[in-house]
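In what follows, a single structure is set out as structure tokens and then discussed.
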Amino acid sequence: MSVRVRIAPSPTGLIHVGNVRSALFNWLFARHHKGTFIVRIDDTDVERSLREYEVDILEGFRWLGLDWDEGVEVGGPHGSYRQSDRFGRYRDAAHDLVDRGLAYYDDRTPEQLEELRTRAQAEKRHPNFYIRQPAEPVRAGAIRFSVPQDRPIEFEDVVRDAMRFEPETVDDFVILRSDGLPTYHLASTLDDVEYEISHVIRGEDLLPSTPKHILLSRALGGTPPVYAHLPLLFGPDGKKLSKRHGDTSLAAYRRGGYLPEAMLNFMSLLGWSLDSERTIFTRDEAIAAFDLDRVSKNPAIFDLEKLAWLNGEYIRALAPADFIERVMPQVEASLGRRLNDSERARFSTIAPLVQERTKLLIEAPGQVAWLFSEHFDIDPEAWTKVMVEGTADVLADAVDRLEKIDIWESESIEAALRSMLEDLAINARQGLQPLRVAVTGSSVSPPLFESLAVLGRQRTIDRLRAAIERLGAPGHPR
Ligand code: GLU
């Protein structure tokens, strides 16, 4: 059987990491089996579906490198891969099921249906027990699928093993609403049948819909696909993943300084493992190893700390030039302008030192902002901590020594400042931390001597003089 799988997101919001994990598993499965990965847009909800969310979904997939063989934008043998283009097709299919006696019109009101549920419950039956075809047929309203009550619906889920649903627990579900629009059940199942989907790999939250989809696939003349329901995502506290645990949209991670390859690695571990040891692996290794039999039933833990750690590992593993290329846009965006050539050179010199200290790409601009004069601000807290009685004299001494250096480079700067510490009999905290704050504005920066070397002698001395002046202002300790 050739593998044909799909991801079918609804463009009613920014794509959720749970859906992205489903997309990734479908993609890995397709690539492993040299099958076809399809992206279909489930936009049956015309009021809530927005084109901007579709753009977010597709940009997210592209960012992660999940390329698709058929579907929206790339097309394919089935015409449109947007459900809103196929409303007529679903309507015809629903009417055909009515003609064949497999579905029926229903004009009961929500209140009447609620009454049936209450009655079933009062009789200690499943609430869906009475949601069945009324004795008197009508020719208006919604169309419901008639669920055969003679036998259970059974199937073998690749992840969840043998599944069995008693027929009275499955309501005669609506397939076409009274306004003529299809429900998710009809549109999704008909598409899966017509696009010859071999495996449906999706979140476990959709498990209760699966008996409906199986019955409907058969009624529509198809063979139900193989189902694999993936474990839901939980936070490290064991509660269902929600905003409390951190961002749940992929967009937040895309903008938040994560590398796509780190994100892909992290997300592939949400319910799957490559082997019992390795946490870090490439996309090709994941493709080579991926199969549904290693997908776990256990809840998958979305652990932001692990993601941040992984991201840091990936950032450090980048070639320096690659790091610069990825961070430069972030630096320029935070400055609001392009860097000129000499600034680029300065940034490139310091970048490897920043790379070692960065877990998220978005941290980088803050770590180098002091290199660019318009962003040179002194952190008041850092200032108060290091600027004490006598600091102005230390800074003045440093200026003298720095002015006398022959060749301005980190080794000569280090030698000059270390001999200052010795001559003044002070330690690095007393002698070097004030310099760091005066020159970089912060008590955490890339290594000091390299930082001064990159900043250049004149800017360094100007900033030290400005600090001395500020210390001399009334009310400051001298
Ligand atoms: N549009 C549905 C969703 O995003 C698709 C579910 C499915 O894969 O069948 O939940």
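First listed ligand is number 1; within each ligand, the first listed atom is number 1. All values below were derived from every heavy atom in this structure, side-chain atoms included, with hydrogens, water molecules and symmetry-related copies excluded. Numbering starts at 1 and runs along the sequence shown.
- Taking atom 4 (O) of ligand 1 as the reference point, the nearest protein heavy-atom neighbour is Ala8 O, 3.6 Å.
- Ligand-side atoms of ligand 1 in range of Arg202: 7 (C), 8 (O), 9 (O), range being under 4.0 angstrom from any heavy atom.
- Of all atoms in ligand 1, numbered sequentially from 1 with element shown, those under 4.0 Å from a heavy atom of Tyr184 are 2 (C), 5 (C), 6 (C), 7 (C), 9 (O).
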Using side chain to side chain donor-acceptor pair (under 3.5 Å), reason through Ser445 and Arg436 one step at a time and then give a plain yes or no. CA-CA 8 Å; Ser445 73; Arg436 185 194 296 280; 2.6 Å; yes
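- A side-chain hydrogen bond (donor to acceptor under 3.5 Å, both in side chains) with Tyr81 is found for exactly one of Glu73, Arg40, Glu70, namely Glu70.
- Inspection of the Ser49 and Arg82 side chains reveals no N or O donor paired with an N or O acceptor under 3.5 Å.
- Polar contact check, Arg6 against ligand 1: a nitrogen or oxygen pair lies under 3.5 Å apart.
- Checked options Phe302, Tyr258, Tyr253; the residue passing with Phe266 is Phe302 (criterion: ring-ring contact (aromatic ring centres under 6.0 Å, His included)).
- Judged by distance alone, the side chains of Ser80 and Arg86 never bring a donor and an acceptor atom under 3.5 Å apart.
- The contact set between ligand 1 and Asp42, taken as ligand atoms under 4.0 Å from a residue heavy atom, comprises 1 (N), 2 (C), 5 (C).
- Residue contacts with ligand 1 for Leu206 involve side-chain atoms from C-beta outward but no N, CA, C or O (heavy atoms, distance under 4.0 Å).
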